Amino acid sequence: MAAGVPVVASDRGLEGLAVDGPNDPHRALRANSVSEYVEAISRLFEHSHLREQLSQNGRLLIETEYTWERAGELYEQVLLRR
């Protein structure tokens, strides 16, 4: 995602990332078996708009939620809760 490429990953690989919840933009495709990976990758080859959507939304997630500034804010919140 940080590289701006579409991601296909398993539930474990996407664990903890807001990639496909009901209120989240579509950011990655999930696949947990060989056939699911084949289907997901095939969809990416066949649908350029899906590739673009995943690339843009994934990159935006990283740029907004996984920066040093955001990590510092979250860490500060933990310290101030004592």
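Note that the structure is a prediction, hence the values are computed from the model and not measured.
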Atom of N57, atom of H26 and distance for their closest heavy-atom approach
ND2-O, 2.9 Å

Rounded at 0.5 Å granularity, tell me how far CZ in R27 sits from CG in L14.
11.5 Å

Output the distance between atom CZ (R51) and atom CD (E46), rounded to the nearest 0.5 Å.
10.0 Å

Identify whether V7 and Y66 are in the same connected component of the hydrophobic contact network (ILVMFWY, side-chain heavy atoms under 4.5 Å).
yes

I need the L61 CG to L54 CG distance, nearest 0.5 Å.
12.0 Å

Side chain D11, main chain N32, donor-acceptor under 3.5 Å:
no

Please say yes or no: joined through hydrophobic side-chain contacts below 4.5 Å, possibly via intermediate residues, are I41 and L50 part of one cluster?
yes

Checking R70 now: which residues fulfil side-chain hydrogen bond (donor to acceptor under 3.5 Å, both in side chains) with it, not counting sequence neighbours?
E65, E73

Kindly write out the residues that satisfy salt bridge (Lys or Arg N to Asp or Glu O under 4.0 Å) with E36, not counting sequence neighbours, or none if the list is empty.
none

With no hydrogens and no angle check, is any side-chain donor or acceptor of S55 less than 3.5 Å from a backbone partner on G4?
yes

Shortest non-hydrogen contact between T67 and I62, atoms and distance:
CG2-O, 4.0 Å

Closest contact, heavy atoms only, Y37 versus V8
CD2-CG1, 3.6 Å

Partners passing ring-ring contact (aromatic ring centres under 6.0 Å, His included) against H47 (at least two apart in sequence or in another chain):
H49

